[in-house]
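First the proteins, then the strands, lettered A, B, ... as listed; each starts at 1. Just so we're clear, the structure is a prediction, and the values are computed from it rather than from any experiment. Any value given below was found using the heavy atoms of this structure, including those in side chains, with hydrogens, waters and symmetry copies removed.
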Number of protein chains: 2
Amino acid sequence: MATIYQVAERAGVSLSTVSRVLNGRKTVNENLRAKVEQAMQELNYRPSSVARSLATSRTDSVGVLVSELNSPFFGDLMQAVESTLREADKHVIITVGHNNLETEKDAVEFLISRNCDALIMHVEAMSDDYLRDINANRVPISVVNRQVEGLESACVCLDNERGGYLATQHLIELGHTNIACISGPSKARDARLRLAGHRRALAEAGIPWSEQLYYEGRYQEEDGKQGLQTLLSRNKPFTALVCANDWMASGAMSCARDLGMNLPYDLSIIGFDDAVFAHHVYPRLTTVKNPIYQMGEMSARHILNAVYGQSLAVKTLFDPKLIMRESTIFHKA
Amino acid sequence: MATIYQVAERAGVSLSTVSRVLNGRKTVNENLRAKVEQAMQELNYRPSSVARSLATSRTDSVGVLVSELNSPFFGDLMQAVESTLREADKHVIITVGHNNLETEKDAVEFLISRNCDALIMHVEAMSDDYLRDINANRVPISVVNRQVEGLESACVCLDNERGGYLATQHLIELGHTNIACISGPSKARDARLRLAGHRRALAEAGIPWSEQLYYEGRYQEEDGKQGLQTLLSRNKPFTALVCANDWMASGAMSCARDLGMNLPYDLSIIGFDDAVFAHHVYPRLTTVKNPIYQMGEMSARHILNAVYGQSLAVKTLFDPKLIMRESTIFHKA
DNA sequence: TTGTATGCGTTATCAC
DNA sequence: GTGATAACGCATACAA
């Protein structure tokens with residue numbers, strides 16, 4: 001590999017000059033610039049990003065920490081982050097946290113040891129305090145899908161409460177009044193908020209909340225099945241079911257079918273997220289869209305602004321949108 | 001950030017000694033080692049990976065180039081590669097090629113400019129020559145899901161021909177003799193191989209190949225729909241349909257349903273890949289499993305061996321497996 | 001505008 | 001076993 005010094009020698013200039021044309025400085029004679037560029041060509045010179053990093057103490061890399069890689073949700077997030085950042089010639093180092101505190105902390109240490117200029121994180125286990133500490137004392141961060149007090153401008157997230165509200169409101173508008181709910185784990189913020197929205201919609205419609213129509217899952221497909229069976233066993237009839245994400249909705253749907261129910265006539269089911277498979281299930285799943293791609297883009301933009309001196313427009317709170325498909329239907333009184 | 005020099009000063013030794021304990025060299029006095037380690041503790045010292053890279057000309061990073069990020073297939077691949085590599089304290093830099101030659105080349109240049117020690121690639125557009133050139137003159141690579149002549153040991157892939165064979169054989173065993181086929185794009189190697197397997201199964205069973213029962217798609221969901229409609233319009237009856245991937249199978253299924261067909265009784269459909277949504281569609285999709293997770297792991301292992309001096313077991317050719325679900329059924333004569 | 005000298009934080013090659 | 005000293009490839013303050 002050719003170095004800047006060899007280029008300088010061949011072009012008959014000093015290495016400072018080479019460095020200048022390399023960094024697009026205007027203060028360099030056109031003649032010399034041409035010579036240097038030709039020398040670069042001939043030597044097939046490529047700057048060493050490592051050496052540059054050592055000199056500038058910047059790596060042009062941002063660490064990304066997500067819960068999983070093999071899910072449509074995080075796939076979209078990654079895709080958005082990667083392409084936004086790469087447009088700005090930054091790159092992405094990926095790690096996985098598995099929703100586990102130790103793993104998440106490990107990943108953060110790993111990324112910091114790699115001298116990332118910033119971190120984009122989607123974490124569940126890690127505390128707000130920990131996040132604030134990282135941002136204050138270690139490296140700037142952006143948090144996806146979570147509100148951290150004191151870090152508002154660095155957090156991009158969905159209005160989960162409103163999403164929960166929309167889902168239930170939709171069922172109410174269809175005439176349902178006995179509405180069951182399979183929520184996410186109560187220790188998860190987004191799950192709590194979606195549930196709160198659900199309850200607000202019920203309250204506004206004058207429908208009393210019933211513990212019997214409630215089941216707490218952990219966002220897994222299996223929980224949809226377990227949840228539906230449990231709810232059914234309580235002998236309190238319902239004609240519609242809200243699920244806190246699409247996986248559980250899908251689990252509930254297969255379970256319902258296995259039980260001989262005729263969907264959506266016997267039971268309206270609504271999900272949350274609009275995962276890729278939402279329109280693969282049968283009947284196609286009505287759900288609430290989580291605009292994760294845009295959120296990833298905004299998170300990346302925040303970093304671009306905060307760390308790399310750009311000034312892009314960023315939006316931090318996203319509005320969920322109802323996607324009507326065929327898994328919900330009018331309640332026939 | 002504390003440097004190695006400050007640690008040396010505090011411990012009252014030279015920086016060579018610090019460097020030695022840092023790298024676990026045995027040739028250092030226990031007393032000094034203790035002093036140094038304490039000094040590191042007190043200063044909360046973290047070695048700079050950048051400086052180390054400059055000195056060793058290794059970055060402990062491997063570049064990964066995949067076609068997309070937001071697909072279950074690549075999600076699994078990434079997950080496998082990341083976790084395998086991180087166990088060995090290497091990290092992963094991700095880029096996306098979008099099945100487009102220019103983008104793929106760009107991504108490779110980008111990764112190389114980042115001084116990756118090696119590349120793991122899943123590319124479609126790039127030529128074999130180009131791949132060989134990268135490996136020979138630039139940086140060691142491993143190729144996923146593709147056979148490159150001369151690079152055999154660096155290629156880990158599925159036996160696509162056998163996969164295609166298995167799918168069709170399964171339908172034949174169910175008694176079907178009129179079997180339509182929606183293949184992938186003929187410019188894609190894996191598509192050609194799957195098709196070859198399909199034809200071999202037909203031939204072995206004495207079923208003549210018919211151009212009328214063949215449609216070439218591009219692996220998109222929409223192609224499943226287009227394909228089925230086209231095939232149906234040709235007035236040559238068939239009772240089973242082979243699709244070269246799950247997306248097209250899913251598209252064909254919804255199309256069939258929209259056309260009023262009763263699945264799987266009116267038409268048996270089989271897919272390929274066993275994507276996550278394969279068991280979400282209704283009826284649950286019979287398909288051929290593509291063990292992408294293991295393939296990713298093996299690809300990472302190959303790099304670990306070739307570049308980082310490890311000696312892990314690697315397997316390069318993977319056997320597809322038939323996953324029987326409910327979308328295929330006996331042909332009633 | 002151009003060149004010189006120095007630093008970035010390690011590893012590696014020598015002597016001692 | 002230990003400690004100077006020179007790379008590694010680039011950026012940058014400063015001098016010319």
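- Per the geometry, CG belonging to Leu43(B) stands 14 Å off P belonging to dG9(C), to the nearest Å.
- Toward the 5' end of DNA chain D, the nearer of the two residues Ser16(B) and Leu54(B), judged by each one's closest nucleotide, is Ser16(B).
- A straight line from OH of Tyr45(A) to P of dC10(D) spans 3 Å, rounded to a whole angstrom.
- The 5' end of DNA chain C is approached more closely, in terms of each residue's nearest nucleotide, by Pro47(B) than by the other of Arg20(B) and Pro47(B).
- The residue Arg25(A) sits close only to the backbone: its heavy atoms come under 4.0 Å of sugar-phosphate atoms, none of a base.
- Backbone-only contact: Arg46(B) has heavy atoms under 4.0 Å from sugar-phosphate atoms and none from a base.
- Separating the NZ atom of Lys35(B) from the C1' atom of dG1(D) is a distance of 14 Å, rounded to the nearest angstrom.
- Heavy atoms of Ser48(A) sit under 4.0 angstrom from primed sugar atoms or phosphate atoms, though from no base atom.
- Looking at heavy atoms from C-beta onward, Leu77(B) lies out of side-chain contact with Asn70(A) at the 4.5 angstrom threshold.
- Of the possible donor and acceptor atoms, none in the side chain of Thr103(A) sits under 3.5 Å from a partner among the backbone N and O of His98(A).
- There is no side-chain donor-acceptor pair under 3.5 Å between Asn305(A) and Ser311(A).
- Using a cut-off of 4.0 Å between Lys/Arg side-chain N and Asp/Glu carboxylate O, Arg146(A) and Asp128(A) are scored as salt-bridged.
- Regarding Met40(B), its CE atom lies at a distance of 15 Å from the P atom of dG9(C), rounded to whole Å.
- Contact between the side-chain N/O atoms of Thr3(B) and the OP1/OP2 oxygens of dG9(C) is not found at any separation under 4.0 Å.
- Taking only side-chain atoms of Arg52(A), from C-beta outward, the nucleotide of dG3(D), dC10(D), dT10(C) with the closest atom is dC10(D).
- Here the side chains of Val144(B) and Met121(B) are not in contact, with every heavy-atom distance at 4.5 Å or above.
- To the nearest angstrom, C1' of dA7(D) lies 13 Å from CG of Leu15(B).
- Nearest to the side-chain atoms of Leu32(B) among the listed nucleotides dT2(D), dT2(C), dA11(D) stands dT2(D).
- Here Ser14(A) does not reach the OP1 or OP2 of dT2(C): none of its side-chain N or O atoms lies under 4.0 Å away.
- Rounded to whole Å, atom P of dT12(D) lies 11 Å from atom CD1 of Ile4(A).
- In this structure, Tyr5(A) does not reach the dA7(D) phosphate: none of its side-chain N or O atoms is under 4.0 Å from OP1 or OP2.
- Rounded to an integer number of Å, the gap from Glu9(B) CD to dA4(D) P is 12 Å.
- If you take CG of Asn23(A) and P of dG9(D), they are 17 Å apart, rounded to a whole angstrom.
- Looking at heavy-atom distances under 4.0 Å, Val13(A) makes contact with sugar-phosphate atoms alone, never a base.
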